[in-house]
Structures are given as structure tokens and as C-alpha cells.
Asks: 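Handing you this structure, nothing more for now.
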Amino acid sequence: MLKDRAASGHQKYTLAASSLTRVPAHAMRDLCQNAVDEAVFAGAEYVDARVLSRRSQSVSTRNREIDSVSDRETQGVGVRVLVGGAWGFACDRRLSDEGAREAARRAVAFARASASRAHRGVTLAPAAPSTGEYRTPLERHPLDVPLAEKIELCLGAEEAMARDGIEVTQCFVRAQSETRAFASSDGADVLQEFCECGGGIDALALADGRVQTRSYPSSHGGSSAQAGWEYVEGLDLEREAPRVADEALALLRADPCPPGVTTIVIDAEQMQLQVHESVGHPTELDRVYGTEAAYAGTSFLGPDALGSLRYGSELMNVTADATTPGGLGTFAFDDEGVTARREPVVEAGLLRGFLTSRETAARLEHGAGGSMRADGWSRMPLVRMTNLHLEPGEGSLEDLLADVDDGVYMATNKSWSIDDKRLNFQFGTEIAWEIKRGRLGRMLRDATYTGVTPVFWGSLDAVAGRGEWQMHGLTNCGKGQPGQHAHVSHGASPARFRDVQVGVRS
Amino acid sequence: MPGERALELADRARRAAAGDEVDAVAHLEHSAFARFAASTVHQPTLVEDETVTIRVVRDGKLGAVSTNRTDDEGLRDAAARAGEAADGGRADPAFPGLAPPAEVPSVEGYDAETAALTPDEQAERAWTAIEAAPGHGLFGYVTSGVTEIGVASSTGLAVSQAMTDTTAVALVADEGLSGYADATSWKALDVDPAGVARVATDKAERTRGAGQLEPGTYRAVLEPYALGELLWYFGFSSLGALPFLDGRSFLTGRLNEQVFDPQVSIVDDALDPRGLPKAFDFEGVPKQRVAIVEEGVARDVVWDRRTAAQAGRESTGHALSAPAQAIGPIPFNLGLAPGEATRDELVENVANGIYVTRLHYVNIVDTREGVFTGMTRDGTFLIEGGRITRPLVNLRFTTSFGDLASRVLGLSRERKLVNQSDFYGERYPHGALVPAIATEAFTVVGTGSTPGL
């Protein structure tokens, strides 16, 4: 549930019991405002300030013993300024008036050091002053769940994976609570409280020098959602554990995926990563403008591709949605104070939108921002994915398979790589099955597929319907220097692609 | 005294906690980043932070809590929660206890001038790079920082270190061209941002008009940037004790076997002043030089206290901080022994093949077989008749590190310290000392885009 109401007075908002900060909510908002005032006084044309307090907890078990129990809190203030058309950012871990004002002054000084030689000024797309509050709707706060209960859950799931030939089993669960206050010199005044949790299992089978791994619900640290502990319970790790272990063992005896050009059907989990890498990152408008060129890369899309570039077949519909219930990229306001929105990125195969900041939207003269997110208090906000979904089509997975005479069904990402313009990719999955005359046949190991983004999406000829649609949350999307991790969610149904190169090995 | 503040903080934190055993790690960061794109500084970031991780052991049960609230109240809260975490857990039979006191080696790695760089000076260093690359856009960053680590334990262990580091990264890029260079050191004077930008410019100018290449296994020269990237992934997936014991490592079952060409020797040596030196790990255990591969023969992997206890070994000082310790020990100071060739001689040795400057988005396809995939970028060329003749588009490779290192045509006598940190989380500078390599086996499986923007 999103709450977007005018602040009715800072003092009336209280933080959840699981938040650790000793600074009350109204004081967090005041610190933001003090930082903004200080930076304006020091000469900034624009300022935004974030005060953030985060607590994260994780429990992991390995081979039915506790591997790690950890609890981490971090808090501080980050101040971003524009001075003479140049950005500056500084931060301070002290949640005090002194810390906030000092960060503001340092940010202004650092911006001023670049301003005299800035080649290009910065214009920000207009944004209405945001005021409001948001809190993740939840039933049971995951930080209120006793450690002993979390440990029992992990050990129970591991027990269900134990069998001969399984050399390593692992289970982990995580929880995070974050309070984020934001103010800007444009009049924004926002308080948001996020709660997320998740978990996952994996089993490693080993025989004759061959290793195979299966995981659930994904191989990227399980899956997380912005929700209460009920999400972790709903994953039902213990129920899935026997299948995970059995499949890991079966993969040891499976044949390798034969190379060739064929039809592939990809499961919802791998489709989510396909969307992330080949649609999400290339449509980040800062990448289009080259600001990630030296590290994460650029994009094959140019600014003029909007509305004209055919990204894929007419069955391809991708939406950026910062309002999806349970999404890790769900909020009421982004880290520039822009109100959350749901917007098409690709409609019927045509590029319809970019992920934008106020700066990049103004430069394109299209959009209004809404995708700026910072990893904590000590990093500048960057253009990031929020929740990016492949919209469902029609029918079931069985329907997709039924129309394949000879092909491969691939499930659960294992390896991933894509070039710096997000064109040439190679993905591998943990498990695959051959498809013969519309039915799944023998299991295959070490399956990979490769392609070029618009060609691959152009070969999309079926997307399964809403009943097959799943959403998973990733916590490891990297970008920026210094590096930042974003937490993002993706939803997708299984999808079918024709004439794809599979089975690439060295 | 550099490092003293970290030790004082670790000791305060340790004293705030109660348990059968207690230790605390203090991790302090003071850093500046001047990141630029299209020759404009666009992400300038100043970071000040200090984080303490307290571990409490009660009745064989372990709890760990980290906080950056380092006043007395913050430390008391964290210590209390670490105790509660231990009480709420279960005894861990694999936990070997906290590290005993030990004499840590004296290492270099701290430079007072680097530590004293002001934000203005950081910005100025970025501008010297930008001004050295006229005509095209410059992308990259200049950064420097001070990292202090202190470890204090109820066992009597008390160690600390301050490290400085600085890196300049330059990507010169425009439509249809791109070239890359970087430099890393613990001394700012050793890193010339303008010089780095000039090398990148020269490389970029030679990438215009890139041509295609058919997939296949090629002879290749890999510059230190490319080899260092592969070595990082190989180290992460195969050279730590946890994957080795699990059976996931390329080296599992292969110790004392000839796994690579005799020209290949790999060490992890945190004591080498030519790298980014470290005296101890996050358990306070002294760093040891570990010979991993000697003249092509697999000898060892790196260990922390938990994996060492499991295998009846001693820790080599490669533990991560909690909770990352769960992924096992990691070699942060890899080095590959140099050869005797010049860069030109390596190209001559290859005769016909490809020249690779840098890699992008490397990932593990098969850890046991040491197979990796990724793309080349920012300077890929064709070698014909022992000479670099023309630029190539970016290439997708899926190649075995084992094959690459077993069929070696030569190694350069000159080595480079290659930065391997992307600066996620708390700053912990690390990098590898690597030469360029000429190999018979670099497998290209596809082509990507042209160089540049």
C-alpha cells in the first residue's frame, strides 16, 4: 500500500519498533533540511539530502550447521549539490546537526573544485515538491522473528536436501529495515520506511570430478521481496528442497546440452535476468548518454531510438513499475523526490520509454525522472531499475512447449554475461530438458544460449499468461564508481524464442 | 600514528561486549572519488565512515553485529545484540575459536602524502587527466583513500594497519573508437593521471574501423588488464580453501600435479611492496605469502581459520570480514611471475592471432573446469605476421583458464599492478601484479559491437 499524503506534522510519524536509529523520524527530516539550508547558504543552486538508517540481518546454514549469523546497522547523511553547473556529493555517518552541515559544506566545496571547468551545465526536469510518507505493508516484521526460528527454518530446509551424493547444502534467510528521509531545495520533504526479506537454498552434487548445482528460488541469493516474514514462509523452502537435491544429483548423469540453432523455452526465473540485462540496463538513460562507459558500459540505444526502435516482436511488452506490491524497487518517491510511476518501456516490440533521472529527462526533453536510487547514505543516486517486468501473454508453459517439435527448455540462471553496449549476451542455466514433439524429454546439463539483443527479442514468438507469471527480487545489481548495489524486482512468465544458438562451450 | 585510531575503536568495542571470547574489527574509510564522463566530472563522491564488527562467543555459539554508531551507546547496543545473537544461535562445531595473539609482519602500503590529498587536489588530478585527452571524451575516475583496519580480541590480539591507495582510470571513447588504461598504487606520486589518459588516447586512435573475426580458438596476447581480470575470477572461484574443500575448485584433486605451463607461477603475497600490502586479515591472522602454483605445479590454496581447522592446516591470513566469511578465504594479492619477453616479442611469438587489452563482464561458466565467458573491449586487434595489423570489434570469448595457462607462448618481463576493487561497500584496496601473456588458446565464440560509444 502506497501512502502519498501531505505531511501532517513530523512529530506524528513514529518509526517501527525494529528500526534501530536513536534519531526520531522528525529529527531525521530536520537534519535533511539543515543540510539543504547549509548547502544553499554555501552557494549551491540545488541541493538534496538523504538521512538513512538501515539494519540488515542474515542467517546462513551450511551442511546442517550454522555458517553465519550476522546483524548490521549503518546510518548517515548524504548531501548532493549543484554548484556552478557541477555536481558534488559528500556524506557523514554522524546523525547530528554538525554532521549534516559539514557534509553539506564539503559537498559544495568539492563541486566548486570542478565547477570552474565544467563543460556542460546541468538542467533538471521540473518536479512538483513532494511531501509524504510511505511504509512497506507487511504482516510480520522479519526483524521481529526470533533468530532461533530463522535457524530452524534453514536447518529444516537443509535436512530435506540431505542425501548421498549431495556434498554441500546451503540455506539462508535475510531481513532488512530501512528508514529514509529526504529533502531538497525544490521543497521535497519525504519519509519512507522500507522492509524487505528473502531466502533461498542450494544443493551441490559431486561425482567423478563433475559438479552440478541446483538452487531455489533463484541462484542469485534466493529471492527477496519488500514484505514481511510471510514472504519467506511463502517460499516454502523445505517443500522445494527434495526436488532441488534430486535434480542436482540427476544432473550428474545428464547429457550435455548439444550445440546448435534451435527453439528454446525459458523459464520465468531466467527470463527475469534476460529482461534485467538486455532491457533494463540498456534503457537506463544515463548509460545511453555514456556516464557508465568506463565501467558498466553504455547502450546500443541512442536517444533518438525512442518511439522508433523495434526492440523485439509484437509480443514483447516491458513495463517499469515502481508501484508493484512487494517489489524491491517499490517506493512512493525516488531519491530525487519524484513520485513513483508505472510506465511502458517496450510496447508491442517498440521502444517507448527510458529509465530516467531529472537531469537525463531534461536532456532528452522527455520523461520526468523517477528512477534515481542511491545505495545507502554514502553514495550519489544513479539511474537504476525499479521493478521491470515482462508483461504476460497467454496460455500455460505446457502450451508453449506443445508448439515445439524439437527444442530445449532452460531453467534457473547459472552464468550471465553481456557486452558493454548490451548487445551480445551469453547465459547459462542450471538445468535444461530437451523438447521433443511438444513434450519435455531427457534432462540436459551445462546449457547455454547466446544472442544479440534486438535479434533475440525479435525471435520471441510466445509469452505464457498471467497464471505462469512470477516475480523475484535481486539484491545484487551493480553499477557506479564507487560501486553501488541496487535491489530490484522482475516479473516474467516463461517465453519461447525461435532460432537461438545453444550449447556454446569453449 | 596511522592505524592507531582503528585499534583504539576496536578495543573499545571489544571491551563493550561480554562473552567467553570477544573480538572486534574496526574498518575506517576516508576517501574521494572524482568520476568523470565525456570529460566532465559527474559523480564526485567524498566518503567518511567507520564501521565496527563485534563477534561474541558464548558456549560455542557465535553472534556478530556491525555498526557505524561508534559512540559509547552505539557500541554498547551492538555488543548487547551480538551477545543476543550468540545466545539465540546454536553451537557451531566447525568454529575454531578466535585467533591468538601473533606478531604481524611489518609492511609498507601507507603514504602520508597520499593520505593528505585534499578534495581540491583530487579534483585537480582528475582535470589533469581530462586535459591530457583533448579531442575525444574521457571517461573514468581518479580516486584516493585511506583505509584503517584494527582488530582487538579477548585473546590478547591487538593489531592495526593503515593503507593508502590511489587509482586513475581512463577510457578515451568516441563513436567507433575506444582505448583504456589505468594505474594503481599506494603512493599518489606513482600514479600520473595525465599519463594514463595519454596511453588510453593512443590506444583509442588505433581502434577506428574495427573488423570482424570468425569464432575459433586463437593464439592471443592478453594485456595485464585482461589477464588480471581472468585471474581475479579464477582466484575467487578456485584458489580459496572453501571451493577447494567442496570440490568446486579447478585445483581440487590436482595438488602437486602439473596443471599449467612451467612458465606459470602464481602466488598470493600481501607482503610485496609492489602490490597493495596488508599485514593481517579480518581475523587478525598475519598474512603469509602462499605459493599457489610453482612452475606450473599446483601447490596450495589460501586458508582462513575455519577452513584450516577443517583440513588440519594453519590459516594463511586470508579471512574476510563477517558475514562475508561465509564465502571462505579469498586471495586479495595475487601475483603471476613475469617472463622475459617484451610486449613486442609476445606479439611476435603469437605470429597470427589476436591482441586483447581489457575484458568486460566476465563470469564463471564452469568452476571445476575453470571456464569463463566475457567480452573483450577498448582495444582488440588482429595480429598478423608477428605484428598488430588492424582493430577488431569486441569479441565474446568462452575459454578455459586451464587451457590458456597451459599453452603459454611467453610472459612479459614487465608486470603491472592491476586494480581489482570496484569499491562496493567499505573500501578495501586490492589488486594483482601481472605480466602480459601470450597463449595458444583463447577461444572466441562470437562477436559484439564496434569499439566506442
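All values below were derived from every heavy atom in this structure, side-chain atoms included, with hydrogens, water molecules and symmetry-related copies excluded. In the text below, chain A, chain B and the rest are named by the order of the sequence lines, each starting its count at 1.
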Asks: Can you tell which part of B/Ile364 gets under 4.5 Å to a heavy atom of chain A, answering side chain, backbone, both or neither?
Replies: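 Backbone only.
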
Asks: Is A/Ala296 close to chain B through its backbone or its side chain, or both, or neither, when contacts mean heavy atoms under 4.5 Å?
Replies: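 Only the backbone of A/Ala296 comes within 4.5 Å of chain B.
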
Asks: Go through the atoms of B/Arg90 and report whether side chain, backbone, both or neither lie under 4.5 Å from a heavy atom of chain A.
Replies: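 Its backbone and side chain both get close to chain A.
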
Asks: Please state whether the side chain, the backbone, both or neither of A/Ala109 comes within less than 4.5 Å of a heavy atom of chain B.
Replies: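 Just its backbone gets close to chain B.
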
Asks: Are any of the side-chain heavy atoms of B/Thr51 and A/Arg72 separated by less than 4.5 Å?
Replies: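 Side-chain contact under 4.5 Å: yes.
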
Asks: Examine whether an atom of A/Glu277 lies under 4.5 Å from a heavy atom of chain B, and if so say whether it belongs to the side chain, the backbone or both; otherwise answer neither.
Replies: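 Side chain of A/Glu277 only, per the 4.5 Å heavy-atom cut-off to chain B.
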
Asks: May I ask you to say whether A/Arg94 pairs ionically with B/Glu50, meaning some side-chain N is under 4.0 Å from a carboxylate O?
Replies: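 Salt bridge: no.
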
Asks: Contact part of A/Ile418 toward chain B, heavy-atom cut-off under 4.5 Å: side chain, backbone, both or neither?
Replies: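 Contact with chain B: backbone and side chain both.
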
Asks: If you define the side chain from C-beta out and look only at heavy atoms, does anything of B/Tyr361 sit under 4.5 Å from A/Gln426?
Replies: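 A side-chain contact under 4.5 Å is absent here.
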
Asks: Using non-hydrogen atoms only, which part of B/Ala173 is less than 4.5 Å away from chain A: side chain, backbone, both, or neither?
Replies: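 Contact with chain A is absent: no heavy atom of B/Ala173 under 4.5 Å.
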
Asks: Does a salt bridge link B/Arg358 with A/Asp420, judged by any charged N lying under 4.0 Å from a carboxylate O?
Replies: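 So B/Arg358 does not pair with A/Asp420 through a salt bridge.
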
Asks: Is chain A contacted by the side chain of B/Thr450, its backbone, both, or neither, given a heavy-atom distance below 4.5 Å?
Replies: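 Both parts, backbone and side chain.
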
Asks: Can you find a heavy atom in the side chain of A/Pro482 that is under 4.5 Å from one in the side chain of B/Tyr141?
Replies: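 No. Closest side-chain heavy atoms not under 4.5 Å.
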
Asks: Check whether B/Leu171 gets within reach of chain A through its side chain, its backbone, both or neither, counting any heavy atom under 4.5 Å.
Replies: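 The side chain, not the backbone.
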
Asks: Does any backbone or side-chain atom of A/Ser68 lie under 4.5 Å from a heavy atom of chain B? Answer side chain, backbone, both or neither.
Replies: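 For A/Ser68, the contact with chain B is made by the side chain alone.
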
